Amino acid sequence: GDKAFAQFLTDEIKEERKIQKHKALPKVSGGWELEVHGTEARLLRRVAGEKITVTFNINNSIPPAVDDEGPEEQKPDEQEEEPDITSTPNFVVEVVKDDTKQTLVLDCHYPEDEVGHEGEEESDIFTIREVSFQPTGESDWKDTNYTLNTDSLDWALYDHLMDFLADRGVDNTFADELIELSTALEHQEYIKFLEDLKSFVKCQ
């Protein structure tokens, strides 16, 4: 059984390498520096006395496949056409001003129902879910700090928050490029996982 498993993994790795779009991770425009630690990635940028950090994790970042057509709709020749898998991770934007002890933290995500919004003019491809202040430099965030949930937020305030992010380079273009980066990173990690699994299975 293990031999067949290892053979399957070898073929699978070959296939995945074939469809790998990026041999190197794509760059995010706007002067962002990238740091990657396993499945977590961090983008850093300094703007006029501020440090902006965007952190995301590729784990659980691929939305479940939605099967609209029933099985009978599947034509035999279409089976090969797999939809492009894209990774749309939640991401956290932290803004630190040099002269304050607080960090503004904005928790953002890609809404799953974004597809149906073509009618609206320039719709944002990501939304802000929560906003809070956290003490700068502390790795553990406090649950006792007030967290603003944007569900019940005044639209004008929400728009200002989105503009605040856009002024710091976190806009639709950035969000698009983040999806591309995250997708490439996820695929790279997936291939690495298959290789580790193969070595593990073959190990006597």
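Keep in mind that what you see is a predicted model, and the values were worked out from it rather than measured. The figures that follow rest on heavy atoms only: side chains count, while hydrogens, waters and symmetry mates do not.
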Completion exercise
What one should report as the nearest heavy-atom pair of H109 and N90 is CB-OD1, 3.1 Å
Handout entry: Atom NZ of K101 with >12 non-hydrogen neighbours under 6.0 angstrom
Key = no
Exercise for the section: Spell out, yes or no, whether I85 and I19 are grouped together once hydrophobic residues are joined by side-chain heavy atoms under 4.5 Å, including indirect joins. Expected result: no
Handout entry: Flag for E189-T39: side-chain donor and acceptor within less than 3.5 Å
Key = no
Practice task
Could you tell me how the ring of Y190 sits relative to the ring of H187: parallel (under 30°), tilted (30 to 60°) or perpendicular (over 60°)?
Solution key: parallel
Exercise for the section: Give, for atom NZ of K198 and atom CG of D11, the distance between the pair rounded to the nearest 0.5 Å. Expected result: 9.5 Å
Practice task
Might you confirm whether atom CG of N60 has over 12 heavy atoms from other residues, nucleotides or ligands at distances under 6.0 Å?
Solution key: no
Fill in the blank from the handout: When rounded to the nearest 0.5 Å, the distance separating CD of Q7 from NZ of K202 is 8.5 Å
Exercise for the section: Kindly say whether S87 contributes a backbone atom to a donor-acceptor pair with the side chain of S61 at under 3.5 angstrom? Expected result: no
Exercise for the section: Keeping the roles fixed (side chain from Y158, backbone from I128), state whether a donor-acceptor pair exists under 3.5 Å. Expected result: yes
Handout entry: Single-linkage hydrophobic cluster V96~V47, side-chain heavy atoms < 4.5 angstrom
Key = no
Exercise for the section: Would you indicate whether the side-chain heavy atoms of C108 and V93 approach each other to under 4.5 Å? Expected result: yes
Practice task
Take the angle between the ring planes of F174 and W32 and call it parallel below 30°, perpendicular above 60°, tilted in between.
Solution key: tilted
Practice task
Show your working on salt bridge (charged side-chain N to carboxylate O under 4.0 Å, His left out) between R17 and E195 and close with a plain yes or no.
Solution key: CA-CA 11 Å; R17 281 199 187 293; E195 284 167 344; 2.3 Å; yes
Completion exercise
dist I191:CD1 -> E15:CD (nearest 0.5 Å) comes out at 11.0 Å
Handout entry: R45 side chain near V170 side chain, heavy-atom distance below 4.5 Å
Key = no
Practice task
Please confirm whether the backbone N or O of I52 pairs with a side-chain atom of R168, one donor and one acceptor, at under 3.5 Å?
Solution key: no
Practice task
May I ask you to test the E130-S132 pair for a side-chain heavy-atom distance under 4.5 Å?
Solution key: no
Practice task
Provide the closest heavy-atom pair for Q102 versus T136 in the form atom of the first, atom of the second, distance.
Solution key: C-OG1, 3.0 Å
Exercise for the section: Drop me the distance from K97's NZ to K51's NZ, to the nearest 0.5 angstrom. Expected result: 14.5 Å
Handout entry: Smallest separation among heavy atoms of Q134 and V105, with atom names
Key = CG-CG2, 3.8 Å
Exercise for the section: Identify whether W155 and L165 are in the same connected component of the hydrophobic contact network (ILVMFWY, side-chain heavy atoms under 4.5 Å). Expected result: yes
Practice task
List the atom of P89, the atom of N57, and the distance in Å for their closest heavy-atom pair.
Solution key: CB-O, 3.6 Å
Exercise for the section: Check for a donor-acceptor pair, side chain of E177 on one end and backbone N or O of S29 on the other, with a separation under 3.5 Å. Expected result: yes
Handout entry: Closest non-hydrogen atom pair, V201 against D2
Key = CG1-O, 3.4 Å
Handout entry: Cluster overlap L44 with V54, hydrophobic side-chain contacts below 4.5 Å
Key = no
Exercise for the section: To the nearest 0.5 angstrom, please state how far the CD atom of E186 sits from the CG atom of N59. Expected result: 8.5 Å
Practice task
Without swapping roles, check the side chain of N172 against the backbone of I125 for a donor-acceptor pair under 3.5 Å.
Solution key: yes
Problem - Donor-acceptor contact below 3.5 Å, side chain S182 vs main chain T88 - result: no
Problem - Heavy atoms of other groups near Q20 CD, more than 12 under 6.0 Å - result: yes
Handout entry: Polar side-chain atom of N145 near backbone of F133 as donor-acceptor pair, under 3.5 Å
Key = yes
Exercise for the section: Go through the steps for L153 and L161 under the test side chain to side chain contact (heavy atoms under 4.5 Å, CB included), then give the verdict. Expected result: CA-CA 11 Å; L153 199 57; L161 285 168; 4.1 Å; yes
Problem - Heavy-atom pair of closest approach, residues A175 and F126 - result: CB-CD2, 3.6 Å
Handout entry: pair T150-T127: side-chain heavy atoms closer than 4.5 Å
Key = no
Problem - Min side-chain heavy-atom separation V28-L34 under 4.5 Å - result: no
Practice task
Please answer: with hydrophobic residues joined when any side-chain heavy atoms are less than 4.5 Å apart, are Y146 and F164 in the same cluster?
Solution key: yes
Practice task
Determine whether L178 and L43 make a side-chain contact, defined as any pair of heavy atoms from C-beta on separated by less than 4.5 Å.
Solution key: yes
Fill in the blank from the handout: In this structure, OG1 of T183 is separated from CG of L25 (nearest 0.5 Å) by 11.0 Å
